[in-house]
Amino acid sequence: MREIVLDTETTGFDPKSGDRLIEVGCIEIVDLLPTGRTFHRYVNPERSIPEDAIKVHGITDEMVKDAPIFAKMADELLEFIGDAPLIAHNASFDRNFIDWELLLAHKPQTGEARWIDTLAIAKSKFPGQPNTLDALCKRYKISLADRTYHGALIDARLLAEVYLELKGGKERTFDLGGGAVAKTGGPVVQGRIEYGARPRPLPSRLTPQEDADHRAFLAKWVKEPVWTRFGVEPAAKEDA
């Protein structure tokens, strides 16, 4: 299945109050594996970038003054994401900005239904724990060495790794008993299947000769079989 991991950087927190998108980064994954295809654009927000925002992402007015406005690159973005589900951390934030910019550009909006929020997934897996992108990277031992500031493409790359871990890890296994293994140490039991005694024991498949040979071997070579410590004795072979 094709999915797009997406991150944005903006001038602030609320597009309806005049804040604008200034960077968008996307990573394509197929069947939970990155394909190597990415989409990355700086965007001219047609306004100044507040100093507080620059402290977070390091993007200045000078860096985006020659970048295209969103309306000029909207078709490229829509072509890249196609109809794939969109994965973001605190997805409502990114969705609000993407859909607001699409609205201003007279383009179709993405809508809430196609977004997957990794923050919500993390909160359900790790309730009461820090679940920022940084915290999840540290929990899953994903290196943050290459990141000085928040950036849309590098954060999308980090989030793609986090998303893979949240979905079961790089070496996913079948979950046959409702359990999961946490990177932070040991099993996390989500459920347990209990079985009662079998109402009708399975018949032995040994032939009479095989049963006799086995008992003779035990008598000669195994003086105290381990199962006898638990009160278990081989059942007598029934006649067929």
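Bear in mind the structure is a predicted one, so any value in this text is a computation, not a measurement. In what follows, every heavy atom counts, from backbone to side chain, and hydrogens, waters and symmetry copies are set aside.
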Legend entry - Counterpart residues, side chain to side chain donor-acceptor pair (under 3.5 Å), relative to Glu28 (two or more places apart): Arg2, Thr35, Arg37
Legend entry - Minimal non-hydrogen separation, Ala74 against Ala105, with atom names: CB-CB, 4.5 Å
Inset, instruction - Applying side-chain contact (heavy atoms from CB on, under 4.5 Å) between Leu133 and each of Asp7, Asn90, Ile142, Asp155, report the one that passes. - result: Asp155
Legend entry - Remaining members of hydrophobic cluster (4.5 Å side-chain criterion), Phe97: Ile4, Leu6, Phe13, Leu21, Val24, Phe39, Val43, Phe70, Met73, Leu77, Leu78, Phe80, Ile81, Leu86, Phe93, Ile98, Leu102, Trp115
Inset, instruction - Could you grab the distance from atom CD1 of Ile27 to atom NE2 of His40, nearest 0.5 Å is fine? - result: 10.0 Å
Legend entry - Thr8 side chain to Asp94 side chain, donor-acceptor N/O pair below 3.5 angstrom: yes
Inset, instruction - Evaluate the side-chain proximity of Met1 to Val30: yes if any heavy-atom separation is below 4.5 Å, no if none is. - result: no
Inset, instruction - Sequence neighbours left out, what passes salt bridge (Lys or Arg N to Asp or Glu O under 4.0 Å) with Arg157? Give chain and number order. - result: none
Inset, instruction - Decide, yes or no, whether a salt bridge links Arg114 with Asp83 under the criterion of side-chain N to carboxylate O below 4.0 Å. - result: no
Inset, instruction - Please check if the side chain of Asp211 supplies one atom and the backbone of Thr207 the other of a donor-acceptor pair under 3.5 Å. - result: no
Inset, instruction - For residues Glu23 and Arg41, determine if any side-chain heavy atom of one lies less than 4.5 Å from a side-chain heavy atom of the other. - result: no
Inset, instruction - In sequence, state the C-alpha distance, the side-chain angles, and the governing distance for Ile54 and Ile59, and then conclude on side chain to side chain contact (heavy atoms under 4.5 Å, CB included). - result: CA-CA 5 Å; Ile54 295 174; Ile59 302 172; over 6 Å; no
Inset, instruction - Would you check if there is a donor-acceptor pair between the side chains of Arg139 and Asn131 at a distance under 3.5 Å? - result: yes
Legend entry - Partner set under salt bridge (Lys or Arg N to Asp or Glu O under 4.0 Å) for Glu210, not counting sequence neighbours: none
Legend entry - Working for side chain to side chain contact (heavy atoms under 4.5 Å, CB included), residues Asp52 and Lys55: CA-CA 5 Å; Asp52 286 347; Lys55 291 178 182 178; 4.3 Å; yes
Legend entry - Which atom of Glu112 lies closest to which atom of Arg95, heavy atoms considered: CA-CD, 3.5 Å
Legend entry - Shortest non-hydrogen contact between Ala122 and Leu136, atoms and distance: CB-CD1, 3.8 Å
Inset, instruction - Determine, step by step, whether Asp75 and Glu79 satisfy the side chain to side chain contact (heavy atoms under 4.5 Å, CB included) criterion, reporting the C-alpha distance in whole Å, the side-chain angles of both residues, the deciding distance to 0.1 Å, and the verdict. - result: CA-CA 6 Å; Asp75 287 336; Glu79 181 180 0; over 6 Å; no
Legend entry - Heavy-atom check, side chain of Lys123 versus side chain of Gln129, under 4.5 Å: no
Legend entry - Taking every non-hydrogen atom, the tightest pair across Ala91 and Ile116: CB-O, 4.1 Å
Inset, instruction - Ignoring hydrogens and angles, state whether a donor on the side chain of Glu9 or Tyr42 is under 3.5 Å from an acceptor on the partner side chain. - result: no
Legend entry - Shortest non-hydrogen contact from Ile87 toward Tyr163: CD1-CE2, 3.3 Å
Legend entry - Cluster link Leu32 to Tyr140, ILVMFWY, side chain under 4.5 Å: yes
Legend entry - Test item: Cys26 and Thr38 side chains (from C-beta on) under 4.5 Å apart, heavy atoms: no
Legend entry - Point-to-point distance, once rounded to the nearest 0.5 Å, from NZ of Lys125 to OG1 of Thr118: 12.5 Å
Inset, instruction - Compute whether any side-chain donor of one residue and acceptor of the other, for Asp61 and Ser48, lie under 3.5 angstrom apart. - result: no
Legend entry - side-chain hydrogen bond (donor to acceptor under 3.5 Å, both in side chains) between Asp99 and Thr110, intermediate numbers included: CA-CA 6 Å; Asp99 279 354; Thr110 61; 2.7 Å; yes
Inset, instruction - Any chance you could measure Asn44, atom CG, to Ile69, atom CD1, to the nearest 0.5 Å? - result: 7.5 Å
Inset, instruction - Please examine the side chains of Val64 and Pro45, heavy atoms only from C-beta on, and report whether any two atoms are closer than 4.5 Å. - result: yes
Inset, instruction - Verify the neighbour count for atom CD of Glu76: are there more than 12 heavy atoms of other residues, nucleotides or ligands below 6.0 Å? - result: yes
Legend entry - Pairing residues for Ala135 by the side chain to side chain contact (heavy atoms under 4.5 Å, CB included) criterion, not counting sequence neighbours: Pro130, Thr132
Inset, instruction - Indicate, with yes or no, if Ile49 and Leu104 share a hydrophobic cluster defined by side-chain heavy-atom contacts under 4.5 Å among Ile, Leu, Val, Met, Phe, Trp and Tyr. - result: no
Inset, instruction - Please tell me if the side chains of Leu144 and Lys138 come closer than 4.5 Å, counting only heavy atoms from C-beta onward. - result: yes
Legend entry - Joint cluster assignment, Leu166 & Leu119, ILVMFWY side-chain distance < 4.5 Å: no
Inset, instruction - With the side chain counted from C-beta on, respond yes when Asn96 and Lys16 share a heavy-atom pair under 4.5 Å apart, and no when they do not. - result: no
Inset, instruction - Using the test side chain to side chain donor-acceptor pair (under 3.5 Å), find all partners of Asp14 that sit at least two apart in sequence or belong to another chain. - result: none
